[in-house]
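Below, chains carry the letters A, B, ... as their sequence lines are ordered, and counting in each starts from 1.
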Protein chains: 2
Amino acid sequence: MVDIDNGSGSSAPRKRADARRNEETLLGVAAAAFITSGVDVPVRDIAAQAGVGVGTIYRHFPTRADLIVAVYRHQVEACAEAGPALLASSSTPHAALALWIDLFVDFLVTKHGLAEALQSDDAAFETLHAYFLDRLVPVCDQLLDAAAAAGEISPDMDAYQLLRGVGNLCIGAGNNPRYDARRMVGLLITGLRLH
Amino acid sequence: MVDIDNGSGSSAPRKRADARRNEETLLGVAAAAFITSGVDVPVRDIAAQAGVGVGTIYRHFPTRADLIVAVYRHQVEACAEAGPALLASSSTPHAALALWIDLFVDFLVTKHGLAEALQSDDAAFETLHAYFLDRLVPVCDQLLDAAAAAGEISPDMDAYQLLRGVGNLCIGAGNNPRYDARRMVGLLITGLRLH
DNA sequence: TCAATATACGGAACACAGTTCCGTTTGCCA
DNA sequence: TGGCAAACGGAACTGTGTTCCGTATATTGA
């Protein structure tokens, strides 16, 4: 569904040069717009900024979720890859889990509206949901397993549920000085620990 | 902003009978619609169900938030009043806090879309936000103070922040069997406890 | 270099929900 | 019962997502 390559190699028939150029431009403009206006920024605004028609956006990114995924793919990958690394370098699995969750939270709270979109049950965000889950649940699962094996946490904590809870706690952070998502998530992870 | 009385007493000039009747009807229809379609049900749908024009809804309830508050006012009051009662009847302040939060969570997870609306930064939900906060923050504060005084929790937990976190955790509950908001909130409250 | 053609583009048009506004109706009181 | 303030209904306006199709153009083969 989301295919950003095709700059040279790969099998697909290879896209036209203007199409590739537009896709590139759109990714850049969207990234900037997400920062200034949140991921809910109107499609028309992005189109206008990029100097293309709305049709062009929809052709490249059939749903808003596809655009969001494309913009943040690198960062999500980095987060996913940090999981095993932290597990190897931390003093205990629970510490690794806490650090990894911190990474995830830092990512979410700096993306205006992303946490909201991630939890939305709107069908338009299905792809977004699926991508994050596919990529991060296995990593989280690994960390939870390790912590459970070490007897640090109860073995019945589900990775999906934990990520969902953490994502929920990040909603509204970043535009409300009285709410500190990091602190709340910290409490949640503390609560996970056995004694 | 929200005035539902005027059936007889009070000072205001007293409303016309048809107006009072419509308000009553709208509250009933809205309550039913909120259950079947969530608090985001289109205004037109409520109007059609009630057999009135949309203008009539807006006249009685200037914003959707006013309608939601009117529908759930009794339950919120009950929740607020349960705070001191639980504090008096529980074994420890932390236990009272946990029970009270459970009450709040039970309320939220059974109202499709309410938790989302509560955290939305959409200006239309300002009234909703304000009402819940005005009514519940002081109660939560009292419980937190008592628990802190008993040395059960850290004294720097802010009631607003805790309620916000709990509200966030309730988002998406009730339409996702894989996510148990009660469990997540339980972890949060556990994490609050010192040792 | 020059058609021919598939590919991509732009933006008008449509769908849908919130909200406003005003001509019409109706309850109330003298 | 007549007059009027109060309330009503719903058409119309706004903003946003999404679709669709006539037009433009990159690419390719001759």
Starting the side chain at C-beta, find the nucleotide from [options] nearest to [X].
X     : options               : value
B:D18 : C:dC9, D:dG10, C:dG27 : C:dG27
A:V43 : D:dG17, C:dA12, C:dA8 : D:dG17
A:Y58 : D:dA7, C:dG18, D:dT18 : D:dT18

Inset, instruction - Could you tell me whether A:R183 and B:D156 have a side-chain N and a carboxylate O separated by less than 4.0 Å? - result: yes

Legend entry - salt_bridge(A:D40, A:R64) N-O dist < 4.0 Å: no

It should be established whether [X] places a side-chain nitrogen or oxygen under 4.0 Å from OP1 or OP2 of nucleotide [N].
X     : N     : value
B:N22 : D:dA7 : no
A:H60 : C:dA8 : no
B:T56 : D:dA7 : no

Legend entry - Flag for B:D66-B:T63: side-chain donor and acceptor within less than 3.5 Å: yes

Roughly, in whole Å, what's the span from [atom1] in [X] to [atom2] in [N]?
X      : N      : atom1 : atom2 : result
A:R59  : D:dT25 : CZ    : P     : 14 Å
B:E126 : C:dG18 : CD    : P     : 19 Å
B:D40  : C:dG18 : CG    : P     : 9 Å
B:I57  : C:dA17 : CD1   : C1'   : 13 Å
B:R14  : D:dA5  : CZ    : C1'   : 16 Å
B:R21  : D:dG9  : CZ    : P     : 11 Å
B:F61  : C:dG18 : CZ    : C1'   : 17 Å
A:L26  : C:dG10 : CG    : P     : 9 Å

When you measure only distances, ignoring hydrogens and angles, does the side chain of [X] come within 3.5 Å of the base of [N] through a donor and an acceptor?
X     : N      : result
A:R44 : D:dG15 : no
B:R20 : C:dG27 : no
B:R16 : D:dA6  : yes

Inset, instruction - Using a 4.0 Å heavy-atom cut-off across all strands, classify B:R64 as base, sugar-phosphate, or nothing. - result: sugar-phosphate

Legend entry - Non-neighbouring partners of A:E77 that pass side chain to side chain contact (heavy atoms under 4.5 Å, CB included), sequence neighbours left out: A:R73, A:E81, A:Y131, A:R135

Legend entry - Minimum-distance pair of heavy atoms, taken over all atoms of A:V109 and A:A173: CG1-CB, 3.7 Å

